[in-house]
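Here is the structure we will look at, set down as structure tokens.
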2 protein chains.
Amino acid sequence: MAQYSEQLSGIFQALADPTRRAVLGRLGKGPASISDLAKPFDMTLPSFMKHIHCLEDSGLIQTRKEGRVRTCTIEKQRLAVAEEWLSAQRALWEGRTDRLEQFVTTARNKENSK
Amino acid sequence: MAQYSEQLSGIFQALADPTRRAVLGRLGKGPASISDLAKPFDMTLPSFMKHIHCLEDSGLIQTRKEGRVRTCTIEKQRLAVAEEWLSAQRALWEGRTDRLEQFVTTARNKENSK
DNA sequence: TGAATACTGTGCCATAAGGCAAAGTATAGC
DNA sequence: GCTATACTTTGCCTTATGGCACAGTATTCA
């Protein structure tokens, strides 16, 4: 559960940057290479790579190298961890079980115990 | 929309810290004073105040001072902004409109344009 | 009025984050 | 083999983050 908290921190930290959110948006449409992903951004490759590493460390994407090309794919279950927490919060303060109950079940108490 | 992106960054940044998430968890149960909120944490007050300011700047909480006591309350609509974005992402990669469609409508394109 | 309470402000510190340039490595194509 | 491509590594810089101690202000209570 301390682990769960660190996961959450990493995920939210990764989501806290517009470049990384845009990358996730792009990857939502399908896998892409590093250089394809980097194209829209006015940034050097090494700088961009830091964002990729951040996303990979958080578990939000996975990467795999074939030949000289590294392909990135989105890791759907990982964003669900963030959704779970938010849903748990909402359920908490609304004092009811809503349509997102499915997510809430286990997540609610984990985080509150820090 | 650049504004929307900055809002998102601020919100996710605020959520990226376990202390701040725990504060939100506590405030989900109802308003509380700074010192009540600070009690569970092994941290000096000035340090704790930084977290409060971060949460307030992100809009996730509001505070109001009466006498010498500052009371904090959770700002429910603000967490919804984060939920919207996550839902939009999910809708995007699932290639369908799901039960969270309500959130998705406007948010989808805002962020992708950076 | 004097003391306790509840913040608040200031300044400092160490580490992390996000950017760069320049040089290096490893495949792919000619 | 040589060149171009696609990263990757290294080192450096500036700013932001999260913590501290210490001193200050403003209410409240006796």
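Residue numbers start from 1 in every chain, and the chains themselves are labelled A, B, ... in the order their sequence lines are given, proteins ahead of strands. Note that the structure is predicted; figures quoted are calculated from it, not measured.
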Within this structure, what is the CE-to-C1' distance between A:M49 and C:dC20, rounded to whole angstrom? 16 Å
Nearest whole angstrom, please: distance from the C1' of C:dG18 to the CZ of A:R21. 15 Å
Is A:K65 close enough to D:dT8 that one of its side-chain N or O atoms is under 4.0 Å from OP1 or OP2 there? yes
For B:F48 and C:dC7, give me the distance from atom CZ to atom C1', rounded to whole Å. 12 Å
B:D57 CG to D:dA16 C1', in whole Å, measures 13 Å
Using the side-chain heavy atoms of B:K50, tell me which of these nucleotides is nearest: D:dT5, D:dC7, D:dC20. D:dC20
Answer yes or no: does a side-chain N or O of B:R20 lie under 4.0 Å from OP1 or OP2 of D:dG18? yes
Toward the 5' end of DNA chain C, which comes first, A:G67 or B:V69, by nearest nucleotide? B:V69
Could you check B:T71 against B:I34 for side-chain contact (heavy atoms from CB on, under 4.5 Å), going step by step and ending with a plain yes or no? CA-CA 6 Å; B:T71 303; B:I34 299 281; over 6 Å; no
What is the distance, rounded to the nearest whole Å, between atom CG of B:L45 and atom C1' of D:dT25? 14 Å
With the side chain of A:S35 defined as its heavy atoms from C-beta on, choose the nearest nucleotide among D:dG18, C:dG19, D:dA6. D:dA6
Given C:dA6, C:dA22, C:dT8, identify the nucleotide with an atom nearest to the side chain of A:P46. C:dA22
side-chain N/O B:R70 vs C:dT8 OP1/OP2, d < 4.0 Å: yes
Closest nucleotide among C:dC20, D:dC20, D:dA6 to the A:S47 side chain: C:dC20
From C:dC20, C:dT27, D:dG19, pick the nucleotide closest to the side chain of B:M43? D:dG19
Does A:T71 or B:T44 map to a spot on DNA chain D nearer the 5' end, using the closest nucleotide for each? A:T71
Let me know the distance between CG of B:D17 and C1' of C:dA17, rounded to the nearest Å. 15 Å
B:L60 vs B:I11 side-chain heavy atoms within contact, under 4.5 Å: yes
Between D:dT8 and A:H53, is there an OP1 or OP2 to side-chain N/O distance shorter than 4.0 Å? no
Among D:dT28, C:dG18, D:dT8, which nucleotide sits nearest the side chain of A:Q13? C:dG18
What is the ring orientation for A:F12 with B:F12, classed by angle as parallel under 30°, tilted 30 to 60°, or perpendicular over 60°? parallel
Quick one: which of D:dC7, D:dT8, C:dC7 gets closest to the side chain of A:I34? D:dC7
Separation between CZ (A:R20) and SG (A:C54), nearest 0.5 Å, reads 3.5 Å
Below 4.5 Å, heavy atoms only, C-beta onward: do A:Q89 and B:L24 meet side chain to side chain? yes
Identify the two heavy atoms, one from A:A32 and one from A:L27, that lie closest to each other, and give their separation to 0.1 Å. N-CD2, 3.8 Å
What's the CD-C1' distance between B:E66 and D:dT28, to the nearest Å? 14 Å
Within the pair B:H51 and D:dT17, is there a side-chain N or O less than 4.0 Å away from OP1 or OP2? no
D:dT5 C1' sits how many Å from A:R68 CZ, rounded? 4 Å
